[in-house]
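Some notes on the structure that comes next.
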Amino acid sequence: MRHLKSRYVPLAAFVVCVFAAGCGEVNSTIDKAQACLEAPKIIADLGTQLSNLANDPQAMEKALDETATKLNNVADDAANTTIKEASDNLAATLSGITVNDVNDAVDAAQKATSEGAAYVKQVAEACS
């Protein structure tokens with residue numbers, strides 16, 4: 001009986017390793033799926049905020065910065081390189097937008113909207 005147990009120890013270790021590796025792959029898929037769901041929602045929320053903040057430059061700049069932070073979080077969690085890079089790039093773009101007055105707010109909204117649309121397209125392609 002003792003000899004039989006010693007044979008099962010390596011087998012058990014192998015099974016644990018296989019399942020652990022498989023779980024990592026499942027987690028990557030979940031991370032990608034989560035990023036695929038979160039990314040468009042973040043951009044849609046930003047679009048809503050921008051239309052409501054057209055006359056409040058400070059609040060618009062804050063919304064852009066908060067969205068950049070959310071996108072950085074998506075990038076950190078994304079298991080997909082395309083989603084990660086696209087999220088990082090848009091986050092950098094949004095963080096770099098300065099909104100000093102109402103005219104800047106219009107320009108910022110246009111830039112964020114066009115860049116956001118391109119981002120959503122990249123993410124959709126990476127998720128399909």
Side-chain angles (χ1 to χ4, degrees):
M1 185 73 154
R2 182 178 181 151
H3 183 14
L4 193 58
K5 283 184 182 178
S6 66
R7 286 185 175 182
Y8 287 114
V9 172
L11 178 62
F14 173 75
V15 170
V16 169
C17 288
V18 168
F19 282 123
C23 290
E25 188 173 313
V26 170
N27 284 339
S28 294
T29 303
I30 290 170
D31 292 342
K32 179 182 176 185
Q34 187 68 26
C36 291
L37 292 173
E38 284 182 32
K41 183 182 180 320
I42 291 168
I43 299 307
D45 291 347
L46 176 61
T48 301
Q49 288 179 323
L50 293 178
S51 63
N52 294 331
L53 299 173
N55 294 318
D56 190 347
Q58 289 178 332
M60 183 179 281
E61 189 163 348
K62 182 179 179 191
L64 291 168
D65 289 341
E66 288 172 352
T67 300
T69 299
K70 290 176 186 175
L71 290 170
N72 281 326
N73 291 337
V74 168
D76 290 344
D77 294 339
N80 179 285
T81 322
T82 303
I83 296 171
K84 179 175 178 32
E85 289 173 1
S87 298
D88 280 336
N89 291 341
L90 183 57
T93 297
L94 295 179
S95 293
I97 296 174
T98 304
V99 186
N100 294 317
D101 56 32
V102 176
N103 290 331
D104 286 347
V106 171
D107 294 340
Q110 288 174 343
K111 183 167 182 74
T113 301
S114 66
E115 296 287 329
Y119 168 75
V120 169
K121 183 179 177 190
Q122 282 182 306
V123 169
E125 288 172 1
C127 292
S128 58

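Scope of the values below: all heavy atoms of this structure, side chains included, with no hydrogens, waters or symmetry mates. The first residue in the sequence is number 1, and the count goes up from there.
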- Message: I need the Glu61 CD to Asp56 CG distance, nearest 0.5 Å.
- Response: 11.0 Å

- Closest non-hydrogen atom pair, Ala108 against Leu64: CB-CD1, 4.2 Å

- List the atom of Thr82, the atom of Gln122, and the distance in Å for their closest heavy-atom pair. CG2-O, 4.4 Å

- Message: Rounded at 0.5 Å granularity, tell me how far CG in Leu37 sits from SG in Cys127.
- Response: 8.0 Å

- Task: Look at Glu66 together with Lys62 and state whether they make a salt bridge at an N to O cut-off of under 4.0 Å.
- Result: yes

- Query: Are the side chain of Lys32 and the backbone N or O of Ala126 linked by a donor-acceptor pair below 3.5 Å?
  - Reply: yes

- Heavy atoms only: give me the nearest Val74-Glu38 pair and the separation to one decimal. CG2-OE1, 3.6 Å

- Query: Side chains of Cys36 and Ile83: does their closest heavy-atom pair fall under 4.5 Å?
  - Reply: yes

- Task: Carefully, step by step, assess Lys70 and Leu46 under the rule side chain to side chain contact (heavy atoms under 4.5 Å, CB included).
- Result: CA-CA 11 Å; Lys70 290 176 186 175; Leu46 176 61; over 6 Å; no

- Item | Nearest heavy-atom neighbours spanning Val120 and Pro40 | CG2-CA, 4.3 Å

- Heavy-atom distance under 4.5 Å between the side chains of Ile97 and Lys111, does that happen here? yes

- Query: Between Ala109 and Leu50, which heavy-atom pair has the shortest distance, and what is it?
  - Reply: CA-CD1, 4.0 Å

- Distance-minimising heavy-atom pair for Ala68 and Ser95: CB-OG, 3.2 Å

- Take Tyr119 and Leu71, measure what side chain to side chain contact (heavy atoms under 4.5 Å, CB included) needs, and give me the verdict at the end. CA-CA 11 Å; Tyr119 168 75; Leu71 290 170; 3.4 Å; yes

- Query: Do Thr81 and Lys84 touch side chain to side chain, with heavy atoms closer than 4.5 Å?
  - Reply: no

- Pairwise side-chain contact, Leu90 with Ile43, heavy-atom cut-off 4.5 Å (strictly under): yes

- Task: Evaluate the criterion side chain to side chain contact (heavy atoms under 4.5 Å, CB included) for residue pair Leu94 and Asp65; output intermediate values, then yes/no.
- Result: CA-CA 7 Å; Leu94 295 179; Asp65 289 341; over 6 Å; no

